[in-house]
Amino acid sequence: MLSKRSDALISAFVLTLYYVGVADGNEASDFVTMGDLRRSRRIQTHFSRPGGMIMEGIGFQYSMRYQPGFHLHKLAQQQADDGGMGGMENPPETEAPMPMPTPGTPPPEPAPTEPEEPEPTIPMRPTTIPVEEPSPQPPTMMVPTPSASPGMQPSSKPRPTGKPSMSPPVPTIPSSTKSSIMQPHQTLKNILFGSPIKANLILKKPNAPRSKGKGFLSLFEVIKFPNTKCSVSMGDIRSMEGVCYHEFECKSLGGIPTESCAEGVGVCCVFVNGCGDVTSQQILYFESPNYPNAVREMMICVLIINVKKGVQQLRLDFQMFELSRPSNGDCVDDQFIVSGHNTNFQIPILCGINTGQHIYIHVGDSNEGKVYLSVFMKVSGGGRSFNIKVTQVDDNLAPNNCLQYFHDAEGVIKSFNYDTDGSIVDNREATYFNNLNYAICLARLKNVCSVAYNTEQLGGDQPDFQIINKDEAENDLISDGQAGAGIFNCPDDFIAINSVPLCGERFNDGRESDDYTIHATVRDTAAGPIILPFRTDSEYVGRGFRLLYKQELCA
């Protein structure tokens, strides 16, 4: 019974070392135990030399060296008296319980009576046909031990095991390893016969590569934090938004790690994509080749965005958008086209100067789950450049079919290609586009009953406000320098406020001032959603509009 109990406890101790490891107080490098797990059908113990043993158990086989404490000195002294330790000047106190034979299992061979040096191999049973005397196997994983005393005689004959084993040969020890006596914790000492036992462990050198196994939790399993939005300042030039990731995860996703986030645990990861890329990131920047340098050649540039599950809208912010100007309201030389969105939602083809503008792309009813952003530069010559921030929106959604949506209490609303001056595009007359039909929406804030709109006096060669309508004879329906209001004055091209179409070269609906030759405040007092439809035909185009809006509290 003592023998079985000893075997079981030693097995438990070695397996514990294999999975946990024992840290020595004077060693700072990593270590692994000397356990060598192998498949086996029974438990058997062989003594290879004093202080060393080979154990086979159900489901495992391993080798270990140990130095027992005071409980095992009697058997060690008895072995020394029998001549087993005769050649050593200072023989270690050794005691090894012998396992009890089980039915159908040959008894283990007794320990040798002659002193032996450390054997280079652990004899293994053959994996094929059983033989009585198996040949020695290649050297197995043994811990290097000090050389034997001069009195010890070498023994070259390997000790065979009982029955053939299906276990593969044990791998050799790398030459870069070293051994060290490790002291187990007190709780493990109490398990093994109540005496302290020091087990030899294979200790890695400090510069040895770490194991690729999952012995320890990775950083992502230990530290977790939400991948929230973050922002980083790019000096006086601009600021960029990203997502908070671990630095390693950011790089593996193709992002650019910037400033720290999540209390220093993560980094603000910025994603910059170009022509031909495919992405599913929540926030990214779609840039022209060699941005911010201008592109001066013909080019087709497409970015594919995989829409995340549950996302209803994308928002595009034109951080920089300068393509060739339209010709008579049509984008001929350059085109920016969005596809893959809801089929019942129209997005105009854009070109010209639209820096600072934004649009929403409704994708909730799209069957494809992909959105394509395409830029076509059809002619060489002239400069173009773009940087478009793309956000998969999960909050502050725009109302259905709103191409533009403004959340602030006050701001600026303007038509596409309204600006006359650009930093790259050659100056050419600024106009809106043909065949427009979209809605501009405002988020009504709490306790707001009206919105006031005004146009700025910018001056220059073109009017500040200009929406043109002509009759069939190509005569202006509104005289130059005057405002037009109503369906008869503005039948084709107009922006509607308070459900009243407005056009002409002055911004005035006649409610605040009946002088149609001046700009006047136009106030929207309608209840419900705040919507400004803008519509044009395919005949004539003008400068467009630039309006300052301000939401007013209820009186």
Salt-bridged, [X] to [Y], with N to O below 4.0 Å?
{"X": "Arg523", "Y": "Glu552", "result": "yes"}
{"X": "Glu241", "Y": "Lys389", "result": "yes"}
{"X": "Asp333", "Y": "Lys378", "result": "no"}
{"X": "Asp419", "Y": "Lys414", "result": "yes"}

Would a 4.5 Å heavy-atom cut-off, applied to side chains only, mark [X] and [Y] as touching?
{"X": "Lys251", "Y": "Pro257", "answer": "yes"}
{"X": "Phe318", "Y": "Leu350", "answer": "yes"}
{"X": "Phe336", "Y": "Phe321", "answer": "yes"}
{"X": "Gln281", "Y": "Leu253", "answer": "yes"}

State whether a side-chain donor-acceptor pair under 3.5 Å links [X] with [Y].
{"X": "Asp277", "Y": "Thr279", "answer": "no"}
{"X": "Thr355", "Y": "Glu322", "answer": "no"}
{"X": "Thr455", "Y": "Asp464", "answer": "no"}
{"X": "Asn434", "Y": "Glu539", "answer": "no"}

Could you tell me the separation between the [atom1] atom of [X] and the [atom2] atom of [Y], rounded to the nearest 0.5 Å?
{"X": "Ile361", "Y": "Leu373", "atom1": "CD1", "atom2": "CG", "value": "5.5 Å"}
{"X": "Gln466", "Y": "Ile478", "atom1": "CD", "atom2": "CD1", "value": "12.5 Å"}
{"X": "His341", "Y": "Leu314", "atom1": "NE2", "atom2": "CG", "value": "11.0 Å"}
{"X": "Leu436", "Y": "Ser538", "atom1": "CG", "atom2": "OG", "value": "11.0 Å"}
{"X": "Asn400", "Y": "Asn344", "atom1": "CG", "atom2": "CG", "value": "9.0 Å"}

Give a yes or no answer on whether the side chain of [X] reaches the backbone of [Y] with a donor-acceptor pair at less than 3.5 Å.
{"X": "Asp334", "Y": "Cys331", "result": "no"}
{"X": "Asn508", "Y": "Ala520", "result": "no"}
{"X": "Asp493", "Y": "Ile467", "result": "no"}

| request: Test Gln313 against Tyr405 for side-chain contact (heavy atoms from CB on, under 4.5 Å), laying out the working first. | output: CA-CA 12 Å; Gln313 297 173 356; Tyr405 185 50; over 6 Å; no
| Can you list every pair that meets side-chain hydrogen bond (donor to acceptor under 3.5 Å, both in side chains) and has a residue in residues 259-268, with sequence neighbours left out? | none
